[in-house]
Amino acid sequence: FFFKQKTAYEIPKRDWSSDVCSSDLSTFRLLGFEVEVRSDVPEVVELVEAVWAPLRVDGDGPAEHLFTVTVVPPEPRALPEWRVHLDGLLVVASGIPAVAVTHLLWEANRQALECTPGRAVLHAAAVAAGARAAILVGPQESGKSTLAAALVGRYGLGYLTDEAVAIDPATSAVAPYPKYVSVGADVGTLLPELERLTDARLVALLGDLTLVPASTFGPERLAPATRVGAVVLPTYLPGEPTRVEVLSPAAALHAVAQHAYHVARDGDLVLDALARVVAGVPCVRLTGADLDAAGAVVLDLLGAEIGRAHV
């Protein structure tokens with residue numbers, strides 16, 4: 001894993017508990033990655049607590065891994081340098097706070113994927129209606145996160161995860177990973193009912209990112225592990241009508257596998273797990289611009305009779 005590699009950036013081991021602030025630290029579990037975050041900037045710790053709140057776990061001792069975010073005083077005529085370390089290894093150094101903090105969030109999610117062996121992991125979001133989950137699979141900017149947020153915040157489905165779906169090969173169930181939802185800047189217009197992170201002190205650390213903390217959905221909307229009941233490949237196409245293309249299992253497997261992680265490492269496990277999933281559930285390609293029409297398609301696939309939660 002990244003944090004075990006020997007690199008030119010490796011620094012001598014230090015007692016981070018004494019020279020980087022934060023008392024009463026929380027431990028977070030991101031799939032198989034357990035970590036604490038320490039910083040000499042209180043807002044960094046506050047931000048992490050806000051966006052990872054549902055991932056907090058009780059720990060009897062220090063977490064297995066540790067992120068630190070420190071600010072190094074500037075040299076003459078220079079900016080202060082923000083440094084992020086993971087287990088004592090430098091992850092990023094930048095004079096721009098948002099670069100450092102957003103890289104921390106990105107690296108944490110990457111480590112969650114790396115530290116979750118034995119699962120088929122997809123770049124996807126997932127929501128649940130009772131005992132059935134819909135996985136929304138696709139590249140960045142495809143609209144899957146916004147659609148997932150609408151299905152939870154507007155229609156009352158359960159929230160499983162955004163950006164990282166881990167499927168148990170034995171049960172075809174999606175593991176709960178209720179991280180924040182990363183949405184577009186226009187989400188306030190599209191989904192005014194969502195509670196975005198708006199604290200100016202914390203938003204300033206995120207740059208262009210707009211986040212909806214999963215905790216704002218309420219604990220009743222955080223779904224447990226749920227078996228996949230539908231596969232949706234959404235693509236947002238401005239100005240286009242909603243179109244649904246039903247995919248054969250072979251076509252669905254080909255499309256979904258393009259968004260799978262660790263195929264080179266765990267190819268047989270990943271492909272076998274995905275083949276079982278797509279063989280037993282409806283799979284569709286969903287295109288268009290109408291968010292409510294897209295939501296209705298997913299609700300229909302799941303057999304969910306749920307109205308708009310905030311109308």
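All values below come from the heavy atoms of this structure, side chains included, with hydrogens, waters and symmetry mates left out. Residue numbers start at 1 and run along the sequence shown. Quantities reported herein were computed from a predicted structural model and do not represent experimental measurements.
Two residues are said to be in side-chain contact when any heavy atoms from C-beta on lie closer than 4.5 Å; Gln140 and Glu163 fail this criterion. Side-chain contact between Leu157 and Leu302 is present, with heavy atoms from C-beta onward closer than 4.5 Å. Counting heavy atoms from C-beta on, the side chains of Val71 and Asp40 come closer than 4.5 Å. Side-chain contact between Leu191 and Arg154: present, with at least one pair of heavy atoms (C-beta onward) separated by less than 4.5 Å. Annotation: side chain of Leu222 is not in contact with side chain of Pro176 (no heavy-atom distance under 4.5 Å). In this structure, the side chains of Leu206 and Leu197 come closer than 4.5 Å at one or more pairs of heavy atoms. Contact check for Ser215 versus Pro54: side-chain heavy atoms found under the 4.5 Å cut-off. Taking the side chain as every heavy atom from C-beta outward, Val270 and Tyr261 never approach each other to under 4.5 Å.
Applying the ring pair (Phe, Tyr, Trp, His ring centres under 6.0 Å) rule to His103 yields the partners Trp106; only residues at least two apart in sequence or on another chain are considered. Remark: Asp199 pairs with Arg201 by the side chain to side chain donor-acceptor pair (under 3.5 Å) rule, at least two apart or across chains.
For the ring-ring contact (aromatic ring centres under 6.0 Å, His included) test with Phe217, the passing option among Tyr159, Tyr155, Tyr180 is Tyr159; the others fail.
Taking CZ of Arg196 as the reference point, atom OG1 of Thr210 lies at 7.0 Å (rounded to 0.5 Å).
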- prompt: Would Asp290 and Thr242 count as a side chain to side chain donor-acceptor pair (under 3.5 Å) if you check the C-alpha gap in whole Å, the side-chain angles of each, and the deciding distance to 0.1 Å?
  reply: CA-CA 7 Å; Asp290 190 318; Thr242 301; 5.4 Å; no
query: After noting the C-alpha distance and the side-chain angles of Val174 and Val228, does the key distance pass the side chain to side chain contact (heavy atoms under 4.5 Å, CB included) rule?
result: CA-CA 7 Å; Val174 177; Val228 178; 3.7 Å; yes
query: After noting the C-alpha distance and the side-chain angles of Glu49 and Ser26, does the key distance pass the side chain to side chain donor-acceptor pair (under 3.5 Å) rule?
result: CA-CA 8 Å; Glu49 292 278 355; Ser26 296; 2.7 Å; yes
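Crowding of Glu220 atom CD: a count of heavy atoms from other residues, nucleotides or ligands under 6.0 Å exceeding 12. The number of heavy-atom neighbours closer than 6.0 Å to CD of Glu141, taken from other residues, nucleotides and ligands shown, is 12 or below. Around the CG atom of Asp186, the shell of radius 6.0 Å holds more than 12 heavy atoms that belong to other residues, nucleotides or ligands.
Within the structure, the salt bridge (Lys or Arg N to Asp or Glu O under 4.0 Å) test picks out the following pairs touching residues 231-243 (sequence neighbours left out): Glu240-Arg243.
In this structure a side-chain-to-backbone donor-acceptor pair under 3.5 Å is present from Thr116 to Gly32.
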